Amino acid sequence: MQPASTPPQSIEELWQRANQLAGLSLGDLAALAGIEMPSDFRRQKGFSGQLLELWLGASAGSKPEQDFPELGVELKTLPLSATGTPSETTYVCYAPLLGQERIDWEASNVRNKLHCVLWIPIDGEREIPPAQRQIGTPILWQPSDEQLAQLRADWEELMERISLGEIEQITARHGQYLQLRPKAADGSKVTDAIGADGRLIKTRPRGFYLRKSFTQQILDNHFGSA
DNA sequence: CCCTGATCATGA
DNA sequence: TCATGATCAGGG
């Protein structure tokens, strides 16, 4: 077994690749790829995701696109606690803070990224050394009409506040499923945003994140909840 | 700097 | 104990 050298040509091929990884550990995949495993993720937080990108043939990079543009599929790892619940929120994409011509959900990056997601569950307990963390069975997911409607409502509310110059009043407590949180290398990083009275201000960059309750729903709907 | 991949660490 | 706010690494 070895990392993918080319992008999958179909969703079936992507699905097949993902299923072959189930049951293996991050250490297995790193070793087979000749990559050194970090002893913890304090200094390499995105390691799991990047390793999976390599194995599944996702085009690396930082483009604001889906991981598999030809297939219209986004790849996300989903760290799980011992009880099988998400142990972290899920980053979706960078948030535009200068507003847009109009608040258009259909054209938004959030909708685009969440149109179809290949979720890869992974042991996410800090007590388990990264190398021993196992990869679970993948989930190919598309939002239900209800989920889509709520995501849209959250996004539109957050975007409206941003457009109205209320970015500094938005906290991670806003939004039922989608929340807005800082997204930067450190607190000194700032970017332009719309301030009160419409003037430009400097503020910390933000990103959209999915709450754990949302990804939990996905797990429940897929595997069935007791 | 922007944006991707995320998890960490602290306060409530 | 747990979510919020902060932080880490790399490509372009």
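These figures come from a predicted structure and were not determined experimentally. The sequence lines fix the lettering, A, B, ..., with proteins before strands; numbering per chain opens at 1. Excluded from the calculations below are hydrogen atoms, water molecules and symmetry mates; all remaining heavy atoms, backbone and side chain alike, are included.
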Enquirer: Checking A:Thr77 side chain against A:Ser48 main chain: does a donor-acceptor pair fall under 3.5 Å?
Expert: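 Here the side-chain-to-backbone pair does not exist.
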
Enquirer: Indicate, with a heavy-atom threshold strictly under 4.0 Å, whether A:Pro79 touches base, sugar-phosphate, or nothing.
Expert: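 Sugar-phosphate, no base atom in range.
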
Enquirer: Rounded to whole angstrom units, what separation is found between the CG atom of A:Leu54 and the P atom of B:dA6?
Expert: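 My rounded result for the distance is 13 Å.
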
Enquirer: So does A:His115 have more than 12 non-hydrogen atoms from other groups sitting under 6.0 Å from NE2?
Expert: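 It does not: A:His115 NE2 has 12 such atoms or fewer within range.
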
Enquirer: For DNA chain C, which nucleotides open and close the run of contacts to chain A, 5' to 3', at under 4.0 angstrom from a non-hydrogen atom?
Expert: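 It runs C:dA3 to C:dG11.
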
Enquirer: Quick one: label A:Thr171 by what it contacts on the DNA or RNA (base, sugar-phosphate, nothing), any heavy atom closer than 4.0 Å.
Expert: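 Counting heavy atoms under 4.0 Å across all strands, the contact made by A:Thr171 is with sugar-phosphate only.
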
Enquirer: For a quick check under 3.5 Å, do A:Glu125 and A:Ser87 share a side-chain donor-acceptor pair by atom type?
Expert: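 On atom types as modelled, these side chains do not qualify, holding no pair under 3.5 Å.
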
Enquirer: Would you mind reading off the distance between A:Lys183 atom NZ and B:dT7 atom P, rounded to a whole angstrom?
Expert: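 A:Lys183 atom NZ is separated from B:dT7 atom P by 10 Å.
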
Enquirer: According to side chain to side chain donor-acceptor pair (under 3.5 Å), does anything in residues 172-183 of chain A pair up with another residue at least two apart or in another chain? List the pairs.
Expert: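 Pairs touching residues 172-183 of chain A that pass the test: A:Thr89-A:Arg181, A:Gln150-A:Gln176, A:Tyr177-A:Gln217, A:Gln179-A:Arg181.
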
Enquirer: What's the closest nucleotide to the side chain of A:Tyr91 if the choices are B:dA6, B:dA9, B:dC2?
Expert: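 Nearest listed nucleotide: B:dA6.
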
Enquirer: Please work out if A:Asp67 contacts a base, only the sugar-phosphate, or nothing of the nucleic acid, heavy-atom cut-off 4.0 Å.
Expert: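 Sugar-phosphate, backbone atoms only, no base.
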
Enquirer: What's the closest nucleotide to the side chain of A:Lys45 if the choices are B:dC2, B:dT7, B:dA9?
Expert: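 Selected nucleotide (nearest to the side chain): B:dT7.
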
Enquirer: Using whole Å, what does the distance between atom P of nucleotide B:dG5 and atom CG of A:Leu210 come to?
Expert: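 Going from A:Leu210 (CG) to B:dG5 (P), I get 12 Å.
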
Enquirer: Report yes or no: does A:Tyr91 contribute a side-chain atom to a donor-acceptor pair with the main-chain N or O of A:Tyr94 at less than 3.5 Å?
Expert: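 Confirmed, A:Tyr91 side chain pairs with A:Tyr94 backbone.
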
Enquirer: Specify the separation, in whole Å, of atom CZ of A:Arg173 and atom C1' of B:dA12.
Expert: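 About 9 Å, once rounded to whole Å.
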
Enquirer: Which is more 5' along DNA chain B, the nucleotide nearest A:Gly124 or the one nearest A:Gly46? Just name the residue.
Expert: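 Its nearest nucleotide lies further toward 5', so the answer is A:Gly46.
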
Enquirer: With a cut-off of less than 4.0 Å, is there a side-chain N or O of A:Asn109 near OP1 or OP2 of B:dC2?
Expert: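 No, outside the criterion.
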
Enquirer: Nearest to the A:Arg42 side chain among B:dA9, B:dT4, B:dG5, which nucleotide is it?
Expert: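 Ranking B:dA9, B:dT4, B:dG5 by closest atom to the A:Arg42 side chain puts B:dA9 first.
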
Enquirer: Mapping A:Ala184 and A:Glu88 to their closest nucleotides on DNA chain C, which lands nearer the 5' end?
Expert: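 Looking at DNA chain C, the more 5' nearest nucleotide goes with A:Glu88.
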
Enquirer: OP1, OP2 of B:dA6 versus side-chain N and O of A:Thr90: anything below 4.0 Å?
Expert: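 No, A:Thr90 has no side-chain N/O under 4.0 Å of OP1/OP2 on B:dA6.
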
Enquirer: B:dC2 C1' sits how many Å from A:Arg206 CZ, rounded?
Expert: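 It works out to 16 Å between those atoms.
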
Enquirer: Across the strands shown, which category fits A:Arg43 at heavy-atom distances under 4.0 angstrom: base, sugar-phosphate, nothing?
Expert: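 If one applies the 4.0 Å heavy-atom cut-off, A:Arg43 turns out to touch the sugar-phosphate alone, with no base involved.
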
Enquirer: May I have the distance from A:Glu53 (atom CD) to B:dG5 (atom C1'), rounded to whole angstrom?
Expert: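 After rounding, the reported distance stands at 6 Å.
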
Enquirer: When we call it a touch if two heavy atoms are under 4.0 Å apart, what does A:Glu74 touch: a base, just sugar-phosphate, or nothing?
Expert: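 If one applies the 4.0 Å heavy-atom cut-off, A:Glu74 turns out to touch the sugar-phosphate alone, with no base involved.
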
Enquirer: Rounded to whole Å, please give me the gap between CD1 in A:Ile120 and C1' in B:dA6.
Expert: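 Atom-to-atom, A:Ile120 to B:dA6, this comes out as 15 Å.
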
Enquirer: Is a side-chain donor or acceptor of A:Lys76 paired with a backbone partner of A:Val117 at a separation under 3.5 angstrom?
Expert: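 Judged by distance alone, no pair lies under 3.5 Å.
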
Enquirer: Would you please confirm or rule out a distance under 4.0 Å between OP1 or OP2 of B:dG5 and any side-chain N or O of A:Lys76?
Expert: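 Looking at the OP1 and OP2 atoms of B:dG5, one of them is under 4.0 Å from a side-chain N or O of A:Lys76.
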
Enquirer: Give one of base, sugar-phosphate or nothing for A:Pro182, where a contact means two heavy atoms less than 4.0 Å apart.
Expert: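 Touches a base.
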
Enquirer: Can you tell me which residue among A:Lys202, A:Arg206, A:Arg161 is in a salt bridge (charged side-chain N to carboxylate O under 4.0 Å, His left out) with A:Glu168?
Expert: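 Between A:Glu168 and the candidates, salt bridge (charged side-chain N to carboxylate O under 4.0 Å, His left out) is satisfied uniquely by A:Arg206.
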
Enquirer: Would you say A:Asp197 has more than 12 foreign heavy atoms packed within less than 6.0 Å of its CG?
Expert: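 More than 12 heavy atoms, drawn from other residues, nucleotides or ligands, come within 6.0 Å of this atom.
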
Enquirer: Categorize A:Ser87 for me: base, sugar-phosphate, or nothing, with a 4.0 angstrom heavy-atom threshold over every strand shown.
Expert: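 No contact.
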
Enquirer: Can you check the A:Arg133 CZ to B:dT7 C1' distance for me, whole Å?
Expert: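 Rounding to the nearest Å, CZ of A:Arg133 and C1' of B:dT7 are 9 Å apart.
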
